[in-house]
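Report on the structure given below.
A, B, ... follow the sequence lines: proteins, then strands. Residue 1 opens every chain. Side chains included, hydrogens not; waters and symmetry mates left out as well; all remaining heavy atoms used.
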Amino acid sequence: MAREKVLVTSALPYANGNIHLGHLSGAYLPADIYVRYKRLNGDDVVYVCGSDEHGVPITVTADKEKITPKEVVDKFHEANKKAFQNFGMTFDVYSRTSIPVHHSTAQEFFKCFYDQGLLVEKKSMQFFDEKVNKFLPDRYVEGTCPKCGNEEARSDECEKCGSLYDPTELKNPKSKMTGETPVWKETSHWYFPLGKFQERLEKYVNEMDANYKWKDNVLQYCRGWFNEVLKDRAITRDLDWGVKVPLEDVQNKVLYVWFEAVLGYISAAKELSELRGEPELWKKYWQDKYTKYIAFIGKDNVVFHTIIFPAILMAWNDANETKYCLPQNVPANEFLNFEGKKFSKSRGWGIDVREFLELFPADTLRYTLGANLPEGKDTDFFWKEFQSRTNGELADILGNFVNRTFTFAHKHFEGKVPLRGTLAKIDEDILEYLKEVPVKAAELIERYKIKDAIFEMMNLARAGNKYFNDSEPWKSSKTNKEQCASTINICLNIIYTLAEIFEPVIPFTSAKIFDMLNAKPTQWLNSGKTNLVEGNILNEPQILFAKLEDKIIEEQINKLPQVIDLAATEAVEEITIDEFKRVKLKVGKIIAAENVKKSDRLLKLQIDLGTEKRQLVAGIAKSYNPEDLIGKKILMVANLKPAKLFGIESQGMVLALDTHEEGKVRLIEIDEAIELGKTAK
RNA sequence: GGCGAGGUAGCUCAGUUGGUCAGAGCAGUGGAAUCAUAAUCCACGUGUCGGGGGUUCAAGUCCCUCCCUCGCUACCA
């Protein structure tokens, strides 16, 4: 297969806060997995990203903390760069939009459009805060709604009554920055005529979709915009923090962030060129029509990458000899929520990357997020899921397969890759399957179905365990050493393939496995076929994933702000009194209790209901010792359909409550004075 | 209000162009095995595919309508 030249970008994170898990799921982890896969596949890849460091919110943060905007962005740029690094992101460069090369790049684009006469200058009136000498965006002006009198209305709309109006109609306007009354002042801005490009943009999107199959959600967003007809968009702003408008007689105006930030992808590549001492490097990617440019983003960014950025590039290409390539695909993801709700920094809901990685290894997070990417719709990060994926999949299925194989090889084959002898049907089958997995995973990743690809990867580990079980090498080691050797040889080769195909997802672990195997990665598509050298000396196995105990997970859950969730209480389905009356709850006394043989959680109880006796089986062995139960008065469901558990008939059910301790319950005990057989109502 | 997305097994989610599509993983129950981080493997799902109507020989899969959740709504990044 011919090597592809691939340019990959991930949305530039805004340097006004720490990145959290949601950001990773949206635009960073999928891109990194894609890029790592491409590199293993032998493709020629450049992956760039960086901090987006301009815009009003940053100046607001600076004012609030009484520091300069520069200090704000320095702080978050470094913090996020570090967090990404710890997470295992492999950007070729993590740039930033405050560097000179970015300013000059953005200005170059502006000048190009200005000189062509493409930009439209429009005058307008805007609120101006004289105290800080700044024009105010709508969201920083508050006042009384002209329609309903709400005193906290925004300058152009009232959230309370939902009406929209012209900012001149707003009564008693106040600047949210200073509380001062803003004045009404004229300003002028340059507008980019998006509408002129609409037809070509629609054609572009349709063609890309036809050739490269864009995601449905992305196409939907585009259609939404096209349906409303693209309008001129202002690309300048009255502000002093940002890229200066490169015109002599213009002061205190900067390029608006949406126009300038996307160009950061280009300046980042330029910075990479400088760092590598190859000034022309960036052109080899950005200005080669054979480049496959893939932009990874979250759904909030679709319009900028499928409409605005392409329009900017088209406008440039129209006027210049040098032509930039447009995104070939924009695999936007939906959002990751956190324990059922949106991430919210202000409400303390969620966890940021730095904090997370101080507690848990990056690979466990990469795997959990990867296995649950919001590719088709929003998904959730749940602590409990993180625990079960780590313990049940990474440790039990993958980690244990590696461990049992290595332990076996060391015990029975002196820690060397044993010889593969004559193959049985079971061996042929697994080898055949082994060859298919990298191919299948590659197809899925190429289609940006990364979640599915990860599932296929873990399935190989599952298959490895099954093969190990079915082959029973612990038996053949005594009866047929040659066959045993073949089995372990094949298991080790499965591990070799696992190390390769899992590299994009859990790179730190992959490196450990390669080290244990004393082997190097191969070319992706060969990874199921290339075999370990027989006799190769294996290193000592190490535990790849430690289990996460309940305690540490509970700790994280308990840290979350307690919110009274009205929705959850209301969501309980209502029943009528008659329906409730169908359940007969009776008071009984436990007169005998014993453990159920071969079960670690069931107890067999004899209950005295006064008029009759019942036998029931209850799953409370982890919470109570049989002898402690004798004599307790409890409440039971007396008309539950009998069922057999472990061959023992259970004629009812005792009522118990969950406790804060996982798996432990507490029986509802009844006051000693209550007579046996009484019915609850 | 408008636009968009989603409502599928206890939980988290898959389900291309309508016809083995009623699924996977987890949880649960039973069993096998013991090399291994008590880790593995096998077997077991009577789900009104949000409700109601319609098109069709045939609909989670198309149309209409209603209910619920979420996102966007342009000078916001």
Side-chain angles (χ1 to χ4, degrees), chain A residues 11-14 16 52 54-58 124 126 135 137-140 154 156-157 162-164 189 191 194 213 216-217 220-221 223-225 227-228 230-237 256-259 261 299-304 308 334-335 337 341-342 371-372 375-380 382 384-385 388-389 391-397 399-409 411-412 449 451-452 455 458-459 462 464-477 484 487-488 491 541-547 567 571 598-602 619 643-647:
Chain A
L12 307 185
Y14 200 51
N16 191 35
D52 171 8
H54 299 137
V56 179
I58 283 169
S124 64
Q126 264 196 317
F135 279 96
D138 286 339
R139 55 188 291 205
Y140 289 108
R154 278 175 41 160
D156 59 345
E157 75 169 313
S163 56
L164 299 173
H189 286 293
Y191 286 70
L194 263 190
K213 190 68 196 123
D216 285 340
N217 57 347
Q220 284 302 344
Y221 281 111
R223 278 180 204 134
W225 282 81
N227 286 341
E228 288 191 27
L230 302 177
K231 296 180 189 127
D232 296 352
R233 282 184 72 110
I235 62 169
T236 57
R237 191 142 224 226
Y256 194 36
V257 180
W258 66 257
F259 174 81
K299 64 177 167 185
D300 51 334
N301 251 323
V302 170
V303 65
F304 298 103
I308 291 173
E334 305 287 314
F335 285 151
N337 293 319
K341 290 198 284 281
K342 279 186 81 161
N372 192 24
E375 287 171 343
K377 62 178 175 188
D378 291 0
T379 58
D380 277 275
F382 291 106
K384 277 289 174 195
E385 186 191 335
S388 81
R389 292 227 183 248
N391 293 354
E393 296 180 16
L394 290 173
D396 293 350
I397 295 172
N400 187 237
F401 175 60
V402 172
N403 186 246
R404 71 198 296 204
T405 302
F406 267 82
T407 307
F408 202 98
K411 204 179 281 180
H412 298 277
K449 290 182 163 264
K451 192 164 37 168
D452 290 347
F455 184 62
M458 192 51 84
N459 278 347
R462 287 193 167 93
N465 276 314
K466 178 170 168 50
Y467 170 74
F468 197 111
N469 270 36
D470 293 350
S471 300
E472 301 183 311
W474 58 91
K475 285 184 184 165
S476 62
S477 74
C484 180
T487 300
I488 297 307
C491 284
Q542 46 177 316
I543 295 297
L544 297 175
F545 298 98
K547 296 281 190 80
K598 299 191 78 175
S599 164
D600 54 0
R601 61 184 60 182
L602 296 180
K644 271 197 175 181
L645 299 170
F646 276 68

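Aromatic stacking is not marked for Phe408(A) over rC35(B), as the cut-offs of 5.5 Å for the centres and 30° for the planes do not both hold.
Partners of Lys299(A) according to the salt bridge (charged side-chain N to carboxylate O under 4.0 Å, His left out) rule, which considers only residues two or more places apart in sequence or in another chain, are Glu334(A), Asp378(A). Applying the salt bridge (charged side-chain N to carboxylate O under 4.0 Å, His left out) rule to Lys342(A) yields no partners; only residues at least two apart in sequence or on another chain are considered. Under the salt bridge (charged side-chain N to carboxylate O under 4.0 Å, His left out) criterion, Asp452(A) pairs with no residue, sequence neighbours left out. Legend: residues meeting salt bridge (charged side-chain N to carboxylate O under 4.0 Å, His left out) with Glu375(A), ordered by chain and number and at least two apart, are absent.
Side-chain contact check for Leu394(A) versus Met458(A): some heavy-atom pair is nearer than 4.5 Å. Considering only heavy atoms from C-beta on, Trp258(A) stays 4.5 Å or farther from Val303(A) through its side chain.
His412(A) has its NE2 atom 6 Å from the C1' atom of rC35(B), to the nearest Å. Atom C1' of nucleotide rG71(B) and atom NZ of Lys342(A) are separated by 7 Å, given to the nearest angstrom.
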Scan nucleotides 39-43 of chain B against the protein and return all N/O pairs shorter than 3.5 Å with their distances rounded to 0.1 Å.
{"residue": "rA39(B)", "atom": "OP1", "partner": "Lys547(A)", "partner atom": "NZ", "Å": "3.2"}
{"residue": "rA39(B)", "atom": "O5'", "partner": "Lys547(A)", "partner atom": "NZ", "Å": "3.3"}
{"residue": "rA39(B)", "atom": "O2'", "partner": "Asp396(A)", "partner atom": "O", "Å": "3.0"}
{"residue": "rA39(B)", "atom": "O2'", "partner": "Asn400(A)", "partner atom": "OD1", "Å": "2.5"}
{"residue": "rU40(B)", "atom": "O2'", "partner": "Arg404(A)", "partner atom": "NH1", "Å": "3.4"}
{"residue": "rU40(B)", "atom": "O2'", "partner": "Asn469(A)", "partner atom": "OD1", "Å": "2.9"}
{"residue": "rU40(B)", "atom": "O2'", "partner": "Asn469(A)", "partner atom": "ND2", "Å": "3.3"}
{"residue": "rU40(B)", "atom": "O2", "partner": "Asn469(A)", "partner atom": "ND2", "Å": "2.9"}
{"residue": "rC41(B)", "atom": "O4'", "partner": "Asn469(A)", "partner atom": "ND2", "Å": "2.8"}

Show me the protein contacts with nucleotides 2-5 of chain B, counting only N or O atoms at under 3.5 Å.
none

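With both pairing distances under 3.5 Å, rG25(B) is matched to rC11(B) as a Watson-Crick or G-U wobble pair. Using Watson-Crick or G-U wobble geometry with both donor-acceptor distances under 3.5 Å, rA77(B) finds no partner in any strand shown.
In this structure, rG60(B) is classed as syn because its glycosidic torsion stays within 90° of zero.
Here Tyr256(A) reaches the OP1 or OP2 of rA77(B): one of its side-chain N or O atoms lies under 4.0 Å away.
Asn372(A) places a side-chain N or O within donor-acceptor distance of the main-chain N or O of Asp380(A), the cut-off being under 3.5 Å.
Residues Arg462(A) and Asn465(A) bring no donor and acceptor atom of their side chains to less than 3.5 Å of each other.
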